Amino acid sequence: MRRSGGARDGNIAIVGGRWEDCCTRRAGYGRTGMFNLLPRKKGNFYGVSTLMFFNNCDHVSVVGATFHHTGGFAVQAGDGDAYRFENITFDRCFADGLHLNGNLTRVLARNVRGQVGDDLVALNAYDWLNSSVDFGPQRYVLCEDLELVRLPGVPAYPAIRILPAKYRYADGSVVDCTISDVIFRRVKGVTTYKMYLQTPRYKIGSEPEWSEVGSGGNLFFSDIEIDLDAPIDRIGQYATQEAPRGHFAAFEFGANLSLVHFRNIDITFHADKWPLTHLVQVGPKSCFYPGKDGKPGTEIFDPYVSCRVGRVVLENVRTRGVPPKELVHASSFDDINKDGRSTGRGVIEKIERPDVSAECDRMEPKNMTE
């Protein structure tokens, strides 16, 4: 949904409270928190899937709230300025915690913790057709003191999503959903930061949902603790560690970015079990489910992505456990699915290492430049 010149709501505050969806599992897109109750063909906005929805408003605060058993996103917001989410708790939720969409500026997410079945915080400036009504840039975002809490017997997906891309409206116009000037600091429990283009899965040989590689820059990650004990998607070639598809990283970039800066990163590797693991990966991703009875398989990611990162700064990166051979990896595919649309390459122009630890200094990244 594009910004309009009409009146906007503002100065909204929700303080405290326990907000319950009372689902027993993820409800799926459009099944909880729908924009209205009309069938889709009669005008329902099917990109809304949440308990709380904020759109076309400024100066919004949600403080001291607990969300329980949400089947969709706990909070979905877009098209606004000056959003504050502070002292937020997720109690056994099944989808994203904070799902923040396009056309947002000046966002604060502080002291956010709990159990979620998908991304703890998702900066989805670009989003899938069924996941948003707002597509556009995000700028000036501060996320600090975040913790993904795991409970015995409760499924968890320890991820944060950062998703820029280009989105095309039905009339053919295109918006660049760029993400810039973002800080994540003091984060625990999250193993994977996903900043790659991802469209819905598609049959190999068919057309994926339209999008183009996004852009951004000035991304800062500080005081992050990670135990990269397994790929977050334990499926296909990631689970079996088949090269070249099986590479995975704590920070995965599939966008054109000017600067990514890491400072005070504590990461534990398990390269004895997962040898194709890295701190940073740039470029395309691919994983597929084989087809049955001779039918084409299903591609999970977008192996045709080519992207470039200008500068990667590694400052005080501390490694533990069994480290990999490559701390930074640039992936490259050459028609990997034999469908004419699965060729892509990641390029890193420059890696800087001020005050880097001795372990990191010995790990020389490969394929840094063309």
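Just so you know, these numbers come straight off a predicted model, no measurement behind them.
Between L279 and F269 the shortest side-chain heavy-atom distance falls below 4.5 Å. Side chains of V121 and F85 form no contact here, defined as non-hydrogen atoms less than 4.5 Å apart. The side-chain heavy atoms of L98 and F90, taken from C-beta on, include a pair separated by under 4.5 Å. Using a 4.5 Å cut-off on side-chain heavy atoms (C-beta onward), R245 and C287 make no contact. No side-chain heavy atom of V175 sits under 4.5 Å from any side-chain heavy atom of N103. Between D233 and Y157 the shortest side-chain heavy-atom distance falls below 4.5 Å.
In this structure a side-chain-to-backbone donor-acceptor pair under 3.5 Å is missing from H329 to Q281. Looking only at distances, a side-chain donor or acceptor of Q237 sits under 3.5 Å from a matching main-chain atom of F288. Between the side chain of T191 and the backbone N or O of D227, no donor-acceptor pair lies under 3.5 Å. Of the possible polar contacts, none joining the W274 side chain to the Q241 backbone as a donor-acceptor pair under 3.5 Å is found.
Taking 4.0 Å as the cut-off between side-chain N and carboxylate O, R185 and E144 count as a salt-bridged pair. The residues R341 and E207 are annotated as salt-bridged, a charged nitrogen and a carboxylate oxygen being separated by less than 4.0 angstrom. One finds no salt bridge joining D96 and R161 here, because no Lys/Arg side-chain nitrogen approaches an Asp/Glu carboxylate oxygen to under 4.0 Å. Salt bridge status for R106 with D81: present, with a side-chain N to carboxylate O gap under 4.0 Å. A salt bridge links D145 with R186: the distance from a Lys NZ or Arg NE/NH1/NH2 to an Asp or Glu carboxylate oxygen falls below 4.0 Å.
One distance of note links OG1 of T268 with CG of D229; it measures 9.5 Å at 0.5 Å rounding. One distance of note links CZ of F135 with OG of S211; it measures 10.0 Å at 0.5 Å rounding.
Paired with E299 under the rule side-chain hydrogen bond (donor to acceptor under 3.5 Å, both in side chains), one option of S286, S206, S342 passes, and it is S286. When N101, T50, N55 are each tested for a side-chain hydrogen bond (donor to acceptor under 3.5 Å, both in side chains) with Q76, only one passes: N101.
Side-chain atoms of N256 and R308 form no donor-acceptor pair, as typed in the model, at a separation below 3.5 Å. Under 3.5 Å, the side chains of S173 and D171 contain a donor-acceptor pair of N or O atoms.
Under a hydrophobic-cluster definition in which Ile, Leu, Val, Met, Phe, Trp and Tyr are linked whenever side-chain heavy atoms come within less than 4.5 Å, directly or via other members, F301 and F253 are assigned to the same cluster.
F67 does not carry R92 over the face of its six-membered ring by the limits of under 6.0 Å from the centre and within 45° of the normal.
Between F184 and F221, the two ring planes are parallel [angle under 30°; tilted spans 30° to 60°].
In terms of heavy-atom proximity, L197 sits nearest to L163 at CA-CD1, 4.0 Å.
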